[in-house]
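The structure under discussion appears below in the form of structure tokens.
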Amino acid sequence: MHRRLRMLSLANVTLHRGRTRVLDDVSLVVDEGELVALIGANGAGKTTVLRTISGILKPSTGTITFRGKPIQGADPGAIVRLGIAHCPEERKIWPDMSVQEHLELGAFIRNDGDVDADMERIFETFPVLKERREQLAGTLSGGQQQMLAIGRALMSRPSLVLFDEPSLGLAPIMVETIGTMIAGIRDRGATVLLVEQNASLALRLADRAYVLETGRITLTGPAQAMIENPEVHRAYLGG
Amino acid sequence: QETVRIGVVQPMTGPVAYDGNIYVNTVKMLVDDLNAKGGVLGKKIELVIEDGACNPAQSVNAAEKLVVRDKVVGLLGAFCSTSTAAVMEVAKKHKVPLITGISTAAQLTEQGNPYFFRAVATTPMLGNAFGPVLPKALNAKRFAFLTLNDDWGRSMQASYPKAIESGGGQIVANEFFQQSDLQFLSQITKVKAANPDAIVLAANTQQAVALSKQIRELGVTVPLVGEGAWSSDSYIKLAGPAAEGVYGLVEYVYTIKSPINEAFVKEFQAKLKENPSKFAGAAHNVLHIMVDAIGRAGTTDPEKIRAALEKTDYNGLVGNIKFDAKHQAYGQTVYLSLVKNGVPDVVETAKIAKP
Amino acid sequence: MSATITILAQHLLNGVLIGCAYALIAMGLTMIFGVMNIANFAHGEFYMLGGFVAFYLVSLMGLDYFAALPLAVAIVVALAIVLQHSIFRRLREAPMMTTTLVTIGLSILLENAALLLWGPQPQSIPTPFPTKPLSFFGVYTTPLYLFCMAVTAALIVVGHVLIRRTRMGKAMRATFQNKESAALVGIRIDRIYAYAFAFGAALAAAAGAVLGGFIPVEPATGGIITLKAFVVVILGGMGSFVGAIVGGLLLGLAEALGAGYMPTGWKDAIGFFAVILVLLFRPEGLFKRV
Amino acid sequence: MPALLEGRGIAVRFGGVAALKGVDLSVDPGEVLSVIGPNGAGKTTLFNVITGRVRPTQGSVLYRAQPIDKLAPFRIAQLGVVRTFQKTEVFGALPLVEGVAAGALARNDPDPAERAREALATVGLYGKAHLTAAQLSYGDQRLLEIAQALAADPKVLLLDEPASGMNHQESRRIVDLIVQLRARGLAVILVEHNMHVVMTISDRVIVINYGEKIADGKPDHVRNDARVIEAYLGAPQAAHAVAR
Amino acid sequence: MRGLPVAAALIVVALCAVPLVVHDEYFLHLFIVSGVFVIAVLGLDLIVGYVGQLSLAHAAFFAMGAYTSALLFVRLKWSMWAGLPAAALLVGLIALVLGSVILRTRGHRFIIITVVFAELMKLVATNWVDMTRGFMGLPGLAVPPLWIPGIGTIDITAKSHFYYVVLFAAIVAFLLCRALVRSSVGHKFVLVRENEPLAESLGISAFRYSMIAFVVGAALAAAAGSLYAHYVGFVSPDLFNFSYVTIMLIMVILGGKGTLVGPALGAVIFTFLPELLREASHWRMIVFATILIVATLFMPKGIIFPLITHLVPRNWRLRNARAA
Ligand SMILES: Nc1ncnc2c1ncn2[C@@H]1O[C@H](COP(=O)(O)OP(=O)(O)OP(=O)(O)O)[C@@H](O)[C@H]1O
Ligand SMILES: Nc1ncnc2c1ncn2[C@@H]1O[C@H](COP(=O)(O)OP(=O)(O)OP(=O)(O)O)[C@@H](O)[C@H]1O
Ligand SMILES: [Mg+2]
Ligand SMILES: [Mg+2]
């Protein structure tokens with residue numbers, strides 16, 4: 001593999017919520033064009049890592065750099081404008097806004113005219129969203145909302161996408177679609193940091209992976225090696 | 001005690017704060033004058049003023065404080081009739097005399113509260129004095145009523161018609177509006193439909209302005225005559241052209257020709273930069289009546305002051321004032337004013353008969 | 001035209017005029033209510049401030065009426081931004097009860113500040129319109145009334161388009177439905193709060209400045225304005241500009257006709273009953289917020 | 001003998017969307033019935049109908065042979081038909097025991113706190129009873145939801161994606177729990193996209209697609225149904241999903 | 001926890017001693033008014049603090065209680081002893097009817113419909129002149145003598161006497177509310193407040209328990225209104241003014257909604273505060289509003305509750321540490 005450009009790196013990031021230390025000296029890197037998975041048990045801190053990168057939470061110590069520039073402490077708006085999109089856990093859709101409006105706002109930071117074309121692409125992946133263009137998102141089914149949240153995140157044309165459990169609440173057939181879609185994102189040159197409870201899916205898609213346990217990175221390596229790691233297999237893949 | 005304390009409960013905030021403040025400023029000015037002349041009983045007069053906000057509960061709290069804490073020998077006030085009615089109960093409980101110069105609701109004196117005195121004509125008394133002459137003075141036969149829907153407006157519509165009819169008039173419409181109304185288009189349209197020769201109104205400044213403007217805007221050109229703000233500076237200024245030719249039925253107007261009034265108006269203009277309104281006139285009356293009674297009682301004992309008040313025979317801005325058995329003032333002059341070129345001229349007078 | 005028909009026509013015209021005034025009053029409230037989800041009890045005070053500032057600009061500083069209106073709105077907006085920055089910014093996570101209490105406090109504060117600053121005297125804004133009424137077949141109105149209707153219509157269209165059609169309007173709605181994901185698509189939350197609050201205040205101030213020409217303003221005006229605005233907003237549906245105008249017109253017509261043909265003492269009850277009925281049978285208001 | 005809970009021809013329309021088009025189902029004590037189907041098929045809507053949150057446009061729901069589709073949600077819960085939610089619902093600010101006691105209180109149980117502690121013990125949260133619900137991690141909150149439902153002493157328990165967002169180990173806990181509840185004689189209706197969970201514990205599976213029932217039977221039968229594979233499992237990957 | 005009953009007893013003793021220590025009748029007057037507000041505000045706290053619905057109709061219930069009692073006195077010569085329970089009962093019934101309509105709405109709609117109801121009631125009080133004398137109100141209400149078995153008849157018109165009547169009523173109201181919120185009913189109030197759909201899905205009728213709080217709250221407000229009417233001797237439609245409900249809400253929320261001690265203390269503080277601010281004359285309401293806004297912003301849990309939780313446990317901790 002030739003040397004790629006470093007896209008994102010977290011160095012010794014620590015974060016507290018109240019008195020608890022939720023992230024403990026977390027360091028990880030994502031190179032341009034890579035698909036990196038972050039797996040770990042419930043409450044390990046995966047969501048917290050993503051929220052810290054996208055500027056919702058501020059780390060207590062440590063640095064986060066994007067394409068060589070420090071971004072820790074910047075606000076989420078500024079971070080999206082750098083090209084980082086975050087598809088949040090539990091969808092966080094806007095219940096009283098239509099499907100179409102979600103996608104339009106997904107492209108909030110863009111001024112180019114291609115928004116409609118991108119929207120069509122989303123509709124191709126999730127035809128049901130096209131059918132429900134005018135429906136208020138609050139009345140969509142759980143899985144439909146998940147698709148909408150993914151579509152919204154992609155509308156900003158990010159160079160780095162943070163996915164937080166994109167397969168949550170999706171039917172098996174849709175899980176496959178999502179898998180294909182995420183692989184496609186990487187194939188078109190974007191970079192992906194993927195958090196998933198469905199570890200088999202994540203490791204199947206990823207180039208490299210990190211394992212997070214109670215706020216600390218405990219293991220890292222190529223995805224294939226992880227799948228073969230007996231510890232990982234027992235804890236996250238089931239055997 | 002070094003001073004003779006008189007308590008004042010008036011609205012200094014809330015919907016009628018403007019008029020309440022005029023009252024308060026007037027009594028302050030007049031007390032300075034009285035003190036310059038030696039005060040009463042050889043002591044200085046001290047005013048203790050509290051905001052009642054035209055709200056009965058606040059007025060009660062204010063009065064309680066004045067009587068209990070400040071040990072005032074007498075109370076002036078409570079602007080709105082409901083607040084006065086509430087304060088009356090406090091006066092009675094603590095046996096301190098209370099004089100109002102503003103609250104005109106007839107019931108107040110009918111209860112026979114021994115500590116309450118009213119130095120102003122009630123609406124029925126005004127109606128009886130002026131009703132018979134209105135048809136001729138306004139050259140009108142068909143009268144329509146459009147008044148505030150409160151005790152004042154209701155008692156006007158109840159008591160004026162007989163008096164007006166006795167002068168040859170006829171009532172063709174009875175309409176009301178609310179304290180909270182911002183516009184009166186529906187009511188005016190209804191009144192207009194009755195084809196009156198004159199409209200009888202009851203309103204305070206803010207509503208009076210809007211009312212007279214809107215009446216003209218809906219193409220009604222007949223004379224207007226009203227109780228309330230119709231001869232006051234603030235009304236005339238705000239209503240502008242709409243105030244021209246409006247008649248007022250008032251207990252006091254600053255254009256009264258008498259030495260005592262002219263002196264008062266001069267001082268008022270000099271110190272407060274406007275012409276005294278009827279509220280200033282009322283303040284002048286009640287303050288002097290109270291001080292006069294304290295002087296005649298020769299003591300600051302509220303009970304004795306109460307007794308002295310019953311024997312009041314005071315000559316002031318509006319002539320002679322006495323109290324009847326129920327402590328209702330009579331004998332004073334009342335005025336019909338007409339706004340011409342921004343000045344409310346007196347065009348007719350009458351005397352309040354003993355009830 | 002026969003007299004009864006002339007009178008009916010006059011009542012209808014009155015109703016439309018009053019309805020426009022109500023719609024104008026309600027628009028800013030429906031905006032803050034429907035979008036920011038704050039029941040703004042200080043709405044009437046922004047109205048009052050708009051009226052007073054316009055009065056001072058025209059009457060005391062001799063400014064041209066048409067220049068004074070936007071300037072008055074701008075001044076109130078500046079104040080709103082200060083208030084938003086110092087107070088409402090801190091209330092983003094607060095429950096409804098807290099925000100309601102704060103707006104009640106603000107309304108007391110603004111009313112009494114106005115009292116201290118300007119005194120309790122009611123003021124009416126001098127307008128350049130001829131005061132001579134216009135008569136069409138015995139039905140009367142004035143140029144000022146017509147101007148008010150025109151302004152109302154214009155503001156309603158502008159407001160509706162702004163909230164429903166523009167990027168900024170959509171960003172506002174998104175922000176108040178879920179701040180976090182709004183931030184994640186790049187919306188600047190701080191600005192959105194400031195814009196939304198300022199826009200609501202601007203509409204209130206515009207109403208005060210325009211209606212102040214024929215309804216005198218005084219420091220205590222706010223209370224009744226807020227109440228009427230709430231009634232209209234419930235009738236029409238929260239957050240809906242179309243609802244505000246329909247609710248306003250309905251209330252205006254109901255009051256005008258009710259007062260025209262019923263004992264006038266119960267006039268206000270008509271609107272209140274309408275509100276209760278609407279809430280019972282169409283709890284989302286006549287217009288949903290779509 | 002009539003089934004414990006029975007739905008007959010349930011149909012629901014939301015404006016233009018037909019969410020359910022005449023679905024039948026029935027469940028008996030000690031039985032686990034799974035309802036699966038693609039996203040938007042109408043599974044949550046079916047739960048909403050059974051628990052009284054949505055009124056069916058057609059059809060009826062019978063509990064112990066009595067119609068319950070006109071009852072208020074709280075009445076239905078009091079009868080013993082209790083659910084959990086797809087999007088986690090807990091009493092965030094309250095200590096666990098107080099929140100879980102809700103169901104017992106609703107039945108006027110003499111000792112609601114004790115019932116709450118039992119329910120917490122059943123799902124394995126007894127050790128965290130001193131925390132508030134909001135302090136729990138997502139996975140623990142999902143378990144808490146089941147405890148809340150158990151304290152209401154359900155006869156029919158409806159679980160909406162209890163294993164979503166759980167990793168392999170954690171979803172095993174859910175499986176064990178459901179097995180335990182079935183052994184107690186509860187009827188369980190399960191909506192779940194985790195095929196491992198569904199295939200392990202279901203006695204029967206029904207499959208809904210676009211509001212219509214397209215299959216009904218034993219797990220093995222359903223798994224190999226061509227229509228189910230096409231609409232839901234996805235042909236070649238089906239094995240994959242199951243193997244996870 | 002053994003300190004608590006002792007503290008409660010001390011507080012009651014201190015409250016009983018007020019008229020013996022406070023000879024200033026004006027302060028005594030404020031204490032009496034506070035006591036009346038304590039009763040009303042405890043009722044408001046049930047619906048606002050425990051069930052979590054912001055009702056702005058509470059002052060209207062207060063006023064309706066005052067009117068009922070006043071009308072019974074003026075028209076039928078019923079004394080306060082009969083008028084007070086009658087007012088509580090009647091207003092409770094009205095709340096029941098009203099609640100059956102409006103408790104189906106929630107959130108902002110509920111808030112506003114309660115304002116509208118209050119305004120409607122005010123219109124009734126002003127326009128039903130034959131019954132209520134409209135704006136003039138009903139004057140001349142009297143405080144009846146109190147007959148205690150074994151002691152005989154006592155005149156309680158003096159402030160120092162009436163104070164004890166109000167104190168007694170406030171303690172009864174407090175104990176009643178305490179019993180209610182500590183019962184399973186109170187527990188259900190809280191569950192409904194915390195997550196209404198969830199409570200419903202677990203078998204708790206949000207409607208029924210909101211209704212209980214609403215009706216009991218209204219009855220308490222009416223009882224307070226009745227006491228107030230007879231104490232002041234006068235009722236008028238101004239009792240329906242928005243300012244009353246504002247002040248009651250301030251008492252509840254800044255006192256600490258969802259507790260009983262908080263709103264009770266809030267009632268005392270916010271009866272005295274505006275009066276003490278009289279010194280500020282024209283600035284009075286501005287100062288008051290500023291205090292209100294600042295306190296709401298920076299003390300979302302109320303002023304009293306944080307004080308208690310911050311001061312008391314520390315002392316206890318110390319004491320426990322010493323004991324150990
Ligand atoms: N506001 C908070 N206060 C205290 N602790 C918190 C807070 N928010 C999160 N935590 C804790 O931080 C830890 C990490 O949470 P996080 O949501 O990042 O986990 P996760 O790995 O995404 O888990 P899951 O797979 O369940 O989503 C958890 O133990 C959680 O309890
Ligand atoms: N209030 C509503 N208005 C319009 N459509 C609605 C409403 N509620 C649900 N729907 C639609 O009904 C259909 C069924 O939704 P439901 O939530 O029951 O799906 P589901 O089977 O639970 O899906 P998932 O697996 O994604 O949770 C969906 O297409 C949804 O968009
Ligand atoms: Mg997570
Ligand atoms: Mg679902």
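Labels below follow one simple rule: chain letters A, B, ... track the order of the sequence lines, proteins then strands, and each chain is numbered from 1.
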Checklist entry - Side chain, backbone, both or neither: which part of A/Leu170 has an atom under 4.5 Å from a heavy atom of chain D? => result both
Checklist entry - What do you reckon, is OH of D/Tyr126 surrounded by more than 12 foreign heavy atoms closer than 6.0 Å? => result no
Item to check | Identified side-chain contact (heavy atoms from CB on, under 4.5 Å) counterpart of A/Pro172 within the set D/Leu233, D/Ile229, D/Asn194 | outcome: D/Leu233
Checklist entry - CD of A/Glu231: more than 12 outside heavy atoms within 6.0 angstrom? => result no
Next on the checklist: For the NZ atom on A/Lys58, are there more than 12 heavy atoms of other groups (residues, nucleotides or ligands in this structure) within a distance under 6.0 Å?
Outcome noted: yes
Checklist outcome for this item: Scanning both residues in full, the closest heavy-atom pair of D/His193 with A/Gly169 reads CD2-O, 3.2 Å
Checklist entry - Any donor and acceptor pair, going by atom type alone, linking the side chain of D/Glu170 with main-chain N or O of A/Ala41 inside 3.5 Å? => result no
Checklist entry - More than 12 foreign heavy atoms under 6.0 Å from CD of D/Gln58: is that the case here? => result no
Checklist entry - Which bit of A/Arg132 is near chain D, if near means a heavy-atom gap under 4.5 Å: side chain, backbone, both or neither? => result side chain
Item to check | Sub-4.5 Å side-chain heavy-atom contact between D/Val17 and A/Gln135 | outcome: yes
Checklist outcome for this item: Here the gap from A/Asn198 atom CG to D/Ser171 atom OG, rounded to the nearest 0.5 Å, amounts to 10.0 Å
Next on the checklist: Are there over 12 heavy-atom neighbours, none belonging to D/Arg173, within less than 6.0 Å of that residue's CZ?
Outcome noted: no
Checklist entry - In residues 34-47 of chain D, which residues are in contact with chain A at a heavy-atom separation under 4.5 Å? => result D/Gly37, D/Pro38, D/Asn39, D/Gly40
Checklist outcome for this item: dist D/Gln86:CD -> A/Gln145:CD (nearest 0.5 Å) comes out at 8.0 Å
Item to check | All side-chain hydrogen bond (donor to acceptor under 3.5 Å, both in side chains) counterparts of A/Ser60, not counting sequence neighbours | outcome: A/His16
Item to check | Rounded distance (nearest 0.5 Å) linking atom CG of D/Leu136 with atom CG of A/Asn42 | outcome: 11.0 Å
Item to check | Residue, of A/Ala171, A/Gly143, A/Ser141, that accumulates the most heavy atom pairs under 4.5 Å with chain D | outcome: A/Ala171
Item to check | chain D contact via A/Glu165 - which portion, at a heavy-atom distance below 4.5 Å | outcome: side chain
